[in-house]
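Structure first, commentary second.
We name chains A, B, ... by the order of the sequence lines, and we start the count at 1 in each one. Scope of the values below: all heavy atoms of this structure, side chains included, with no hydrogens, waters or symmetry mates.
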Amino acid sequence: MRIATWNVNSVNARLETVRRWFEQEQPDVACLQELKCVDEKFPAEPFERLGYNIAVHGQKTYNGVAILSKTPLEDVRRGLPGDDGDDHARYLEAVVSGPTPVRVASIYLPNGNPIGTEKFAYKLNWLKRLNAHARQLLALEEPLAMVGDYNVIPEPRDAEYPAHWTRDALFQTESREAFRALKWLGLTDAFMQADGSPGAYTFWDYQAGSWQRNDGIRIDHALLSPQAADRLRGVAIHRDVRSWEKPSDHVPLVVELEL
DNA sequence: ATGACAGAGATACTCTGA
């Protein structure tokens with residue numbers, strides 16, 4: 001089973017690019033982030049035509065996450081527990097049905113810039129809530145894939161130019177510590193486990209020729225429970241998609257589980 | 001030190017992203 005995660009930066013502005021990738025790759029499951037539309041505006045039809053069941057947690061203009069699956073989705077949860085006042089659509093969870101069901105979460109973690117503001121505090125609080133929820137899910141002892149745009153550069157090796165990010169929320173000590181804390185719960189970073197080669201990035205800014213200079217960072221991650229990590233067979237970052245016409249600034253990350 | 005891109009939705013002297 002192949003599970004993909006991709007921050008598409010507006011699913012409607014990106015529709016042709018995303019549809020083309022789905023047609024080529026036909027992932028069993030795909031988690032999308034930054035839909036930038038409400039549920040009713042999600043372009044379901046082209047994906048249903050490719051055989052997908054769809055769960056959407058959308059929002060006007062900002063955020064928005066989805067899970068698409070070739071098999072039916074069950075036990076859908078919208079929003080991260082722990083703050084009823086949080087109205088950002090950044091978390092969606094569902095169980096992908098099949099002989100071995102897999103719980104999948106589509107995550108769009110707050111950016112948190114600029115540091116020292118409310119936004120950075122929101123990011124750290126969100127990470128704390130994600131940690132608490134991950135702890136609950138791990139207690140279920142089932143195959144679990146928490147995938148998405150974590151907006152965290154875990155280590156200097158995950159940036160071509162680490163010095164560019166020293167004052168950025170994505171690379172702050174607190175952000176990196178919180179990401180490590182998730183892993184210490186018992187989650188495996190699928191890319192590091194199955195590949196780990198340096199220079200593997202998932203994001204290049206639109207600005208300042210970042211793509212041309214390969215000024216990339218690895219901020220999209222797939223964290224697996226032990227029961228999913230046992231079945232990890234491989235991982236791929238679809239780097240070439242960044243050179244397509246009208247690209248997202250993120251590229252797809254695909255995890256293969258033997259199920 | 002600043003801007004550079006891109007998208008949404010506004011019609012802005014904006015907000016957000018990373």
Side-chain angles (χ1 to χ4, degrees), chain A residues 5-19 21 31-43 56-66 86-91 106-127 130 147-176 178-179 191 199-221 237 239 241-253:
Chain A
T5 178
W6 191 7
N7 177 323
V8 295
N9 186 15
S10 173
V11 70
N12 284 302
R14 205 74 53 219
L15 184 56
E16 265 324 292
T17 310
V18 175
R19 201 198 52 74
W21 185 81
C31 294
L32 305 181
Q33 300 88 35
E34 272 209 274
L35 306 176
K36 294 189 173 180
C37 66
V38 293
D39 294 11
E40 302 74 47
K41 294 276 178 67
F42 185 92
V56 182
H57 182 38
Q59 182 182 334
K60 190 176 172 181
T61 311
Y62 308 117
N63 313 317
V65 286
D86 183 5
D87 56 356
H88 292 203
R90 298 180 174 276
Y91 185 89
S106 183
I107 292 168
Y108 178 43
L109 227 132
N111 169 312
N113 276 308
I115 56 175
T117 67
E118 198 90 335
K119 293 187 177 190
F120 190 59
Y122 175 66
K123 176 186 192 131
L124 295 182
N125 186 247
W126 211 93
L127 273 158
L130 183 63
V147 306
D149 176 2
Y150 278 75
N151 269 320
V152 176
I153 304 167
E155 302 292 337
R157 67 179 302 287
D158 298 309
E160 184 70 15
Y161 302 105
H164 290 186
W165 305 95
T166 50
R167 279 174 206 82
D168 195 288
L170 280 61
F171 197 47
Q172 291 309 294
T173 300
E174 297 96 318
S175 310
R176 296 169 58 196
F179 186 76
F191 175 79
Y201 309 126
T202 63
F203 170 89
W204 295 260
D205 202 298
Y206 289 120
Q207 301 185 58
S210 295
W211 169 243
Q212 289 73 13
R213 301 167 199 234
N214 192 33
D215 185 358
I217 49 180
R218 190 174 72 93
I219 54 174
D220 297 86
H221 306 294
I237 294 173
R239 186 183 212 279
V241 176
R242 188 62 178 78
S243 67
W244 288 11
E245 212 166 309
K246 222 172 181 285
S248 169
D249 37 9
H250 297 250
V251 297
L253 167 70

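Set against dT16(B), dG9(B), dA8(B), the side chain of Tyr62(A) has dT16(B) as its closest nucleotide.
For the C1' atoms, the distance from dA12(B) to dA8(B) is 13 Å, rounded to whole Å. Between dG3(B) and dG9(B), the distance separating the two P atoms is 25 Å to the nearest Å. Across dT11(B) and dA6(B), the matching P atoms stand 24 Å from one another, rounded to whole Å. Distance noted for atom C1' between dC15(B) and dA1(B): 22 Å (whole Å).
At a threshold of 4.0 angstrom between heavy atoms, the contacts of Lys119(A) are confined to the sugar-phosphate backbone, with no base atom among them. Using a 4.0 Å heavy-atom criterion, one finds that Asp149(A) contacts the sugar-phosphate atoms exclusively. Heavy atoms of Arg90(A) sit under 4.0 angstrom from primed sugar atoms or phosphate atoms, though from no base atom. Residue contacts for Asn7(A): at a heavy-atom cut-off of 4.0 Å it reaches the sugar-phosphate backbone alone, with no base atom in range.
One finds no side-chain N or O of Lys36(A) lying less than 4.0 angstrom from the OP1 or OP2 phosphate oxygen of dG9(B). Between Asn151(A) and dA18(B), a side-chain N or O to OP1/OP2 separation shorter than 4.0 Å is present. For the OP1/OP2 pair of dG7(B) and a distance below 4.0 Å, the side-chain nitrogens and oxygens of Lys246(A) include at least one atom meeting the criterion. Listed pair Arg14(A) / dA6(B) fails the phosphate criterion, with no side-chain N or O lying under 4.0 Å from OP1 or OP2. For His164(A), no side-chain nitrogen or oxygen approaches OP1 or OP2 of dA18(B) to under 4.0 Å. Phosphate contact (OP1/OP2 of dT16(B), side-chain N/O of Asn9(A), threshold under 4.0 Å): absent. Proximity of Tyr108(A) to the phosphate of dA18(B): a side-chain N or O atom is located under 4.0 Å from OP1 or OP2.
When the P atom of dA18(B) is taken as reference, atom NE2 of His221(A) falls 12 Å away, rounded to whole Å. Between the CZ atom of Phe120(A) and the P atom of dA18(B) there is a distance of 15 Å, given to the nearest Å. One atom, NE2 of His250(A), and another, P of dA6(B), lie 14 Å apart when rounded to the nearest Å. In this structure, Lys123(A) atom NZ and dG17(B) atom P are separated by 10 Å, rounded to whole Å. Straight-line distance from the OH atom of Tyr161(A) to the C1' atom of dA18(B): 17 Å, rounded to whole Å. Between the OH atom of Tyr150(A) and the P atom of dG17(B) there is a distance of 19 Å, rounded to whole Å. Between the CH2 atom of Trp165(A) and the P atom of dA18(B) there is a distance of 10 Å, rounded to whole Å. Between Arg242(A) atom CZ and dA6(B) atom P the separation is 8 Å, expressed in whole Å.
Atom CD of Glu118(A) is surrounded by 12 or fewer heavy atoms from other residues, nucleotides or ligands within 6.0 Å.
The only member of Ile219(A), Asp149(A), Leu127(A) that meets side-chain contact (heavy atoms from CB on, under 4.5 Å) when paired with Leu109(A) is Leu127(A). Gln33(A) pairs with exactly one of Asn7(A), Asn63(A), Thr5(A), Asn9(A) by the side chain to side chain donor-acceptor pair (under 3.5 Å) rule, that one being Thr5(A).
A donor-acceptor contact shorter than 3.5 Å links the side chain of Tyr201(A) to the backbone of Glu160(A). In this structure, Lys119(A) contributes its side chain and Pro110(A) its backbone to no donor-acceptor pair below 3.5 Å. The main-chain N or O of Ala169(A) is found under 3.5 Å from a side-chain atom of Ser175(A) such that the two form a donor-acceptor pair. Side-chain atoms of Tyr108(A) never come within 3.5 Å of backbone atoms of Ala89(A) as a donor-acceptor pair (strictly under, hydrogens ignored).
Side-chain rings of Trp6(A) and Trp21(A) approach one another, their centers coming within less than 6.0 Å.
Along DNA chain B, the nucleotide nearest His88(A) and the nucleotide nearest Thr61(A) are compared for position; the residue whose nucleotide lies closer to the 5' end is Thr61(A). Both Phe203(A) and Lys60(A) sit near DNA chain B, but only Lys60(A) has its closest nucleotide nearer the 5' end.
Taking 4.5 Å as the limit, some side-chain heavy atom of Arg176(A) sits within range of a side-chain heavy atom of Glu155(A).
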- Task: Begin with the C-alpha distance, continue with both residues' side-chain angles, and end with the deciding distance and a verdict on side chain to side chain contact (heavy atoms under 4.5 Å, CB included) for Leu170(A) and Val152(A).
- Result: CA-CA 5 Å; Leu170(A) 280 61; Val152(A) 176; 6.0 Å; no
So which protein nitrogen or oxygen atoms get under 3.5 Å of nucleotides 2-5 of chain B's nitrogens or oxygens?
{"from": "dA4(B)", "atom 1": "N9", "to": "Gln207(A)", "atom 2": "OE1", "distance (Å)": "3.1"}
{"from": "dA4(B)", "atom 1": "N7", "to": "Gln207(A)", "atom 2": "OE1", "distance (Å)": "2.5"}
{"from": "dC5(B)", "atom 1": "N3", "to": "Gln207(A)", "atom 2": "NE2", "distance (Å)": "3.4"}

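Asn214(A) and Trp204(A) share a donor-acceptor pair across their side chains, judged by distance under 3.5 Å alone.
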- Message: Wobble G-U and Watson-Crick pairs count when both distances are under 3.5 Å; given that, what is the 5' to 3' dot-bracket string of DNA chain B, with | for pairing to other strands?
- Response: ....((((.....)))).
